[in-house]
Amino acid sequence: IGLGIPAEPLFRSRDRYHERTSTLNRLKDIVGHIPTWDDMNDDVLRDFVDELMESLAASSAKTICAELKAILHSNKRKIPSEDFMSILTIRGEASQAIYLTREEMQRIIDYQPENDLERFVRRNFIVEFMTGARRSDAEQLRITHCDIDTGTISYVPKKTPGIVVTVPVDERLRLRNFLADDYYRQCGRDVFNETIRRICQKCKIDTECTIKRRGETVTAPKYELVSSHTARRSFATNLYLSGVALEDIAMLMGHGLNIETTKRYICAERKMSKGVLAYFQPQEMQEYERGERDTQYGNPLRAEDEVYYRGI
């Protein structure tokens, strides 16, 4: 490439794999152009696996990864990834991902982009976080999608054109300001990920995190684990931790009634309520705790507290 030799496309029409348009389109979305053998590096392949695991059943993702692995293994060209066999092997172990808190997102909102690339990436990452839209949809959302009377934003997702998604406009984080910015540029997912990680690093989103990723334990500063998927995961996780029902989150994310898909976006567990814990306590322990609260606050137990502590 450096010598002016054009990169060779990954799939040619004469290849027996050229009909794999779904795989080709997923890779094209990640790298921002028709994928070539030179694009097959570790980061691109990891993003490819993450995309599959979020949008497909594990068995389907495993099949597609096996096909791509066979293609890469059978070719006689040297590709950048030396670990593609391992990356594309889905072993069935549960994987974890990180999410950003509203406080961490506020740092990104307050950050002033240093160039147009940062402006574009920051804008769309924030819109993803506030709406739960996929990156491809967030790039297209504008202020004209808002309904002033209802205080909502509505759009038709590219990947599920049969439904309309409606989400309340997040006024606290000034969503309308970002929707008014209609600057657009081509940006592959690998460039997008590198850019948002740099922004997060500059915003000091650097808490050390340890997660399980495809069978391996990974420990790194939080910004290194951020990707284009993180904003959507953060939207779902923050709603879930706020007590919103999975069914409602599914509707807001365009999943309809399929909460199993929505669950894959939740990156944290809600704390078990005291009411649940009280249900499993011996009766004498419940009576002791009620007595302690009466003594502490000097007030008789309210009816709603009575129900709460009995775990009914």
Non-neighbouring partners of [X] that pass side-chain contact (heavy atoms from CB on, under 4.5 Å), sequence neighbours left out:
X    : answer
N177 : R174
A66  : none
E194 : R198
A245 : E247, D248

[X] and [Y]: side-chain donor and acceptor closer than 3.5 Å?
X    : Y    : result
D42  : S81  : yes
T166 : T152 : no
T261 : H255 : no
Q106 : D110 : yes

Test log, rule side chain to side chain contact (heavy atoms under 4.5 Å, CB included), inputs C187 and L117: CA-CA 8 Å; C187 181; L117 176 59; 4.1 Å; yes
Pairs involving residues 112-123, ordered by first then second residue, that meet side-chain hydrogen bond (donor to acceptor under 3.5 Å, both in side chains) (sequence neighbours left out):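 Only Y111-E118, E114-K202, E118-K202, R119-D181 qualify under side-chain hydrogen bond (donor to acceptor under 3.5 Å, both in side chains).
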Would you say the side chain of [Y] lies within less than 4.5 Å of the side chain of [X], judging by non-hydrogen atoms?
X    : Y    : value
T230 : F125 : yes
L175 : T131 : yes
C65  : T89  : no
D137 : Q140 : no
M130 : R172 : no
I108 : F129 : no
C203 : E104 : no

Are [X] and [Y] connected in the hydrophobic side-chain network, where two residues link if heavy atoms are under 4.5 Å apart?
X    : Y    : value
V127 : V164 : no
I259 : M251 : no
I143 : V156 : no
V191 : Y223 : no

For [Y], does its backbone N or O pair with a side-chain atom of [X] as donor and acceptor, under 3.5 Å?
X    : Y    : result
D190 : V44  : no
S242 : V244 : no
R197 : V226 : yes
K222 : Y99  : yes
T219 : I211 : no
N238 : S234 : yes

Roughly how far, to the nearest 0.5 Å, is [atom2] of [Y] from [atom1] of [X]?
X    : Y    : atom1 : atom2 : result
Y155 : L141 : OH    : CG    : 6.5 Å
I196 : N124 : CD1   : CG    : 10.0 Å
L239 : L252 : CG    : CG    : 6.5 Å
I98  : E224 : CD1   : CD    : 11.0 Å
L45  : M85  : CG    : CE    : 12.0 Å
L88  : L68  : CG    : CG    : 5.0 Å

Over 12 foreign heavy atoms within 6.0 Å of CD, E171: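 Yes - once you tally the heavy atoms of other residues, nucleotides and ligands closer than 6.0 Å, there are more than 12.
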Could I get the full list of salt bridge (charged side-chain N to carboxylate O under 4.0 Å, His left out) partners for [X], not counting sequence neighbours?
X    : answer
E208 : none
R107 : E103
R135 : E139
R185 : none

From CA spacing to verdict: side chain to side chain contact (heavy atoms under 4.5 Å, CB included), S74, K69: CA-CA 8 Å; S74 63; K69 186 164 55 174; over 6 Å; no
What pair of heavy atoms forms the shortest contact from [X] to [Y], and how long is it?
X    : Y    : result
G132 : R232 : O-NE, 2.5 Å
E128 : S228 : OE1-O, 3.1 Å
R176 : G151 : NH2-CA, 4.4 Å
A250 : G256 : CB-O, 3.4 Å
A236 : M253 : CB-SD, 3.6 Å
M40  : P80  : O-CD, 3.5 Å

Presence of salt bridge, D170 and R102, under 4.0 angstrom: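 The answer is yes: the pair qualifies as a salt bridge.
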Audit row: L179, I153, side chain to side chain contact (heavy atoms under 4.5 Å, CB included) steps and yes/no: CA-CA 10 Å; L179 293 175; I153 181 170; 3.6 Å; yes
Partner set under ring-ring contact (aromatic ring centres under 6.0 Å, His included) for F84, not counting sequence neighbours: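 Scan of F84 (ring-ring contact (aromatic ring centres under 6.0 Å, His included), adjacent residues dropped) gives none.
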Side chain to side chain donor-acceptor pair (under 3.5 Å) against T63, all qualifying residues, sequence neighbours excluded: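 If we apply the side chain to side chain donor-acceptor pair (under 3.5 Å) test to T63, skipping adjacent residues, there are no hits.
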Those residues that, when tested against E260, pass side chain to side chain donor-acceptor pair (under 3.5 Å) (two or more places apart):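 Side chain to side chain donor-acceptor pair (under 3.5 Å) check on E260 returns K263.
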I249/Y240 under side chain to side chain contact (heavy atoms under 4.5 Å, CB included): CA gap, chis, key distance, verdict: CA-CA 8 Å; I249 300 174; Y240 180 72; 3.9 Å; yes
